[in-house]
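These numbers come from a predicted model, not from an experiment. The figures that follow rest on heavy atoms only: side chains count, while hydrogens, waters and symmetry mates do not.
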Amino acid sequence: MKTADVIICGAGIIGCAAAYYTAKKGKSVIVIDADEIIGNGGSSRNGGGVRQSGRDPRELPLAMYGVKNIWPHLSEELGVDVEYHQDGNLRLGRNDRHQKILEGLTERAVAVGLDVKMIDGDEVRSINPWLAEDVTCASWCPTDGHANPLKATLAFFKAARRLGVTFYSGEKVLSLKKEKGVLRYVVTDHDTYSAEKVIVACGYESRAILQTVGIDVPMTKDLIECLVTEAEPPMFSQMLGTADADFYGHQTNHGSFVFGGASGYEAQNLDFGCMTTHSATAPAICRGILKWIPRLREAKIVRTWSGYEDVCADGVPVIDAIDEVPGLIVACAFTGHGFGISPVVGQLLSQLACDEETMLDLSELRYDRFKACV
């Protein structure tokens with residue numbers, strides 16, 4: 001039996017960040033992941049947004065803290081360029097319905113203290129002249145940005161390894177086990193592990209693992225798709241999104257565009273265990289992109305990928321030390337919003353694992369918000 005102070009189930013960016021920050025406190029840490037490849041789930045299958053705008057007010061303080069205190073110096077701290085850009089986020093609209101959505105998101109964010117405002121189509125094109133003429137409005141948050149998800153995940157992984165964290169990949173967690181009412185063991189298809197604290201951060205797969213000790217986070221999984229173009233001349237550095245959240249993306253340091261979107265054909269993508277895309281879906285996403293950025297008509301697509309979001313029933317994650325199962329800490333159901341807040345979530349999880357008071361109030365993200373009212 002292998003033992004550590006803290007065991008983390010899940011080697012995505014949140015699990016790797018939690019491992020790094022926990023090991024910095026002098027704790028021994030083991031990380032277990034079913035995939036052979038570190039970060040092969042949602043951590044490397046997202047658009048890379050580091051945004052505060054467009055978020056639910058319950059999770060917005062986490063995003064704001066990360067943008068102010070962590071992301072600006074993360075590359076220096078981890079020793080890897082995570083390609084962080086803080087050049088703003090345009091969330092686009094082209095009709096009255098879009099404007100109402102964006103105005104609601106903006107009003108709620110301003111109420112929490114975020115610097116975000118509504119702008120008209122002319123102001124949008126003064127910031128980004130490549131956008132279509134029928135863009136009539138947008139929310140504009142100048143402190144938003146983007147980063148490279150794969151490099152950021154591997155940066156946390158490498159930094160955790162340097163601090164002595166042990167990773168076991170290709171090892172599926174089968175169940176959690178309690179001893180005298182306290183969580184003590186993680187059982188995999190290879191071995192049994194023992195720890196004082198167990199963090200479960202496995203995306204949608206967290207649900208089945210947590211159910212083995214009677215905990216159920218109400219979430220489903222939704223397929224998302226992304227595509228990458230060949231390198232293009234520099235066009236814009238902002239992160240883009242839309243009122244309907246059906247398109248998002250940015251241009252990378254080396255010139256490629258990384259775009260995600262809804263094709264309407266997601267049901268065509270059969271899951272054979274490798275999260276493949278269908279020949280009909282990428283062209284549909286491209287047609288949607290061209291409605292916003294028509295000048296990309298000749299851009300060539302070099303690859304596509306798909307992945308799953310762990311979508312919570314109420315749209316925000318569960319980040320909590322579970323009262324019903326002492327020793328258990330949960331971080332899942334991020335609903336496609338996890339990458340941008342992953343560094344601050346990693347710090348919060350390390351504080352929970354070390355029985356410290358958290359630097360931010362997590363009461364709105366507790367598991368017990370799903371309890372029936374009596």
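- At distances below 3.5 Å, not a single donor-acceptor pair connects side-chain atoms of Glu59 with backbone N or O atoms of Glu364.
- Atom NZ of Lys25 is surrounded by more than 12 heavy atoms from other residues, nucleotides or ligands within 6.0 Å.
- Taking a cutoff of 4.0 Å between a charged side-chain nitrogen and a carboxylate oxygen, Arg207 and Asp216 qualify as a salt bridge.
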Given Cys202 and Val173, is the side-chain contact (heavy atoms from CB on, under 4.5 Å) satisfied, shown in steps?
-> CA-CA 10 Å; Cys202 301; Val173 174; 5.7 Å; no
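- The number of heavy-atom neighbours closer than 6.0 Å to CD of Glu179, taken from other residues, nucleotides and ligands shown, is above 12.
- A donor-acceptor pair shorter than 3.5 Å can be found between the side chains of Asp361 and Ser363.
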Output a table of donor-acceptor pairs, distance under 3.5 Å, between side-chain atoms of residues 314-323 and any protein atom two or more places apart or on a different chain; print 'none' if there are none.
from	atom 1	to	atom 2	distance (Å)
Asp314	OD1	Arg369	NH2	3.0
Asp314	OD2	Arg58	NH1	3.2
Asp314	OD2	Arg369	NE	2.6
Asp320	OD2	Tyr367	N	2.9
Asp323	OD2	Arg366	NH2	2.9

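- Between Phe334 and Phe339, a ring centre-to-centre spacing not shorter than 6.0 Å is recorded.
- In the hydrophobic clustering of this structure, Phe167 does not group with Ile37; members are Ile, Leu, Val, Met, Phe, Trp, Tyr whose side-chain heavy atoms approach within less than 4.5 Å, directly or through other members.
- Asn95 approaches His98 most closely through the heavy-atom pair OD1-N, 2.7 Å.
- Within the 4.5 Å cutoff, the side chain of Lys178 has heavy atoms near those of the Val325 side chain.
- In this structure, NE2 on His250 lies 6.0 Å from OG1 on Thr252, to the nearest 0.5 angstrom.
- Under the 4.5 Å side-chain contact rule for hydrophobic residues, Leu227 and Leu150 do not share a cluster.
- Lys27 contributes atom NZ, which lies 8.5 Å from atom CD of Glu196 (distance to the nearest 0.5 angstrom).
- Salt bridge Arg94/Asp134: present, at least one basic N to carboxylate O contact under 4.0 Å.
- Comment: Arg295 does not engage Glu232 in a salt bridge, judged by the lack of any side-chain N to carboxylate O separation of less than 4.0 angstrom.
- When each of Arg161, Arg162, Gln347, Glu77 is tested with Tyr20 by the rule side-chain hydrogen bond (donor to acceptor under 3.5 Å, both in side chains), just one qualifies, namely Glu77.
- With rounding to the nearest 0.5 angstrom, the NE2 atom of His146 is 9.5 Å from the CD atom of Glu83.
- A donor-acceptor contact shorter than 3.5 Å is absent between the side chain of Lys197 and the backbone of Cys354.
- Residue pairs meeting the ring pair (Phe, Tyr, Trp, His ring centres under 6.0 Å) criterion with at least one partner in residues 202-246, sequence neighbours excluded, are Phe236-Phe257.
- Across all non-hydrogen atoms, the minimal contact from Tyr21 to Pro343 is CE1-O, 3.4 Å.
- Side-chain atoms of Arg184 never come within 3.5 Å of backbone atoms of Lys177 as a donor-acceptor pair (strictly under, hydrogens ignored).
- Residues that satisfy the salt bridge (Lys or Arg N to Asp or Glu O under 4.0 Å) test with Lys2, not counting sequence neighbours, are Asp191.
- Between atom CZ of residue Phe259 and atom CD of residue Glu225 there is a gap of 15.5 Å, rounded to the nearest 0.5 Å.
- There is no path of hydrophobic side-chain contacts, each under 4.5 Å, that joins Val302 to Ile293.
- Considering every non-hydrogen atom in both Ala353 and Ile199, the closest pair reads CB-CD1, 4.3 Å.
- With a 4.5 Å cut-off on side-chain heavy atoms, Thr242 and Arg91 do not count as touching.
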Show the numbers, then the answer: is there a side-chain hydrogen bond (donor to acceptor under 3.5 Å, both in side chains) between Gln52 and Asp144?
-> CA-CA 6 Å; Gln52 305 150 100; Asp144 278 351; 2.8 Å; yes
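- Under the ring-ring contact (aromatic ring centres under 6.0 Å, His included) criterion, Tyr65 pairs with no residue, sequence neighbours left out.
- Put simply, the side chain of Ser75 gets close to the backbone of Val82: a donor and an acceptor are under 3.5 Å apart.
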Begin with the C-alpha distance, continue with both residues' side-chain angles, and end with the deciding distance and a verdict on side-chain contact (heavy atoms from CB on, under 4.5 Å) for Val217 and Ser206.
-> CA-CA 8 Å; Val217 175; Ser206 302; over 6 Å; no
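- For the atom pair Leu90 CG and Ser139 OG, the distance stands at 7.5 Å (nearest 0.5 Å).
- Although no hydrogens or angles enter the test, the distance criterion places no donor-acceptor pair under 3.5 Å between the side chain of Thr22 and the main chain of Ala19.
- Under the 3.5 Å distance criterion, the side-chain polar atoms of Thr335 are matched with a main-chain donor or acceptor of Ala333.
- Annotation for Asp96: atom CG does not count as buried by contact number, only 12 or fewer foreign heavy atoms lying within 6.0 Å.
- Of the residues listed (Thr143, Leu114, Asn69), the one engaging Met64 in a side-chain contact (heavy atoms from CB on, under 4.5 Å) is Leu114, and it is the only one.
- The shortest heavy-atom contact between Gly340 and Trp71 is O-NE1, 2.9 Å.
- Proximity of a side-chain donor or acceptor of Thr106 to a complementary backbone N or O of Leu102 within less than 3.5 Å is detected.
- Put simply, the side chain of Ser43 gets close to the backbone of Ile13: a donor and an acceptor are under 3.5 Å apart.
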Could you please spell out the steps behind the side-chain contact (heavy atoms from CB on, under 4.5 Å) verdict for Val29 and Ile8?
-> CA-CA 7 Å; Val29 182; Ile8 300 173; 3.8 Å; yes
Criterion side-chain hydrogen bond (donor to acceptor under 3.5 Å, both in side chains) on Ser28 and Asp5, from CA distance to verdict = CA-CA 5 Å; Ser28 59; Asp5 296 323; 3.1 Å; yes
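- Under the rule for a side-chain hydrogen bond (donor to acceptor under 3.5 Å, both in side chains), the partners of Gln99 that lie at least two apart in sequence or sit in another chain are Glu103.
- Applying the side-chain hydrogen bond (donor to acceptor under 3.5 Å, both in side chains) test to Thr153 and every residue at least two apart in sequence or in another chain returns nothing.
- Side chain of Ser256 to main chain of Thr229: a donor-acceptor pair is present (N/O by atom type, distance under 3.5 Å, no hydrogens or angles).
- The CD1 atom of Ile70 sits 9.0 Å away from atom CG of Leu62, with the distance rounded to the nearest 0.5 Å.
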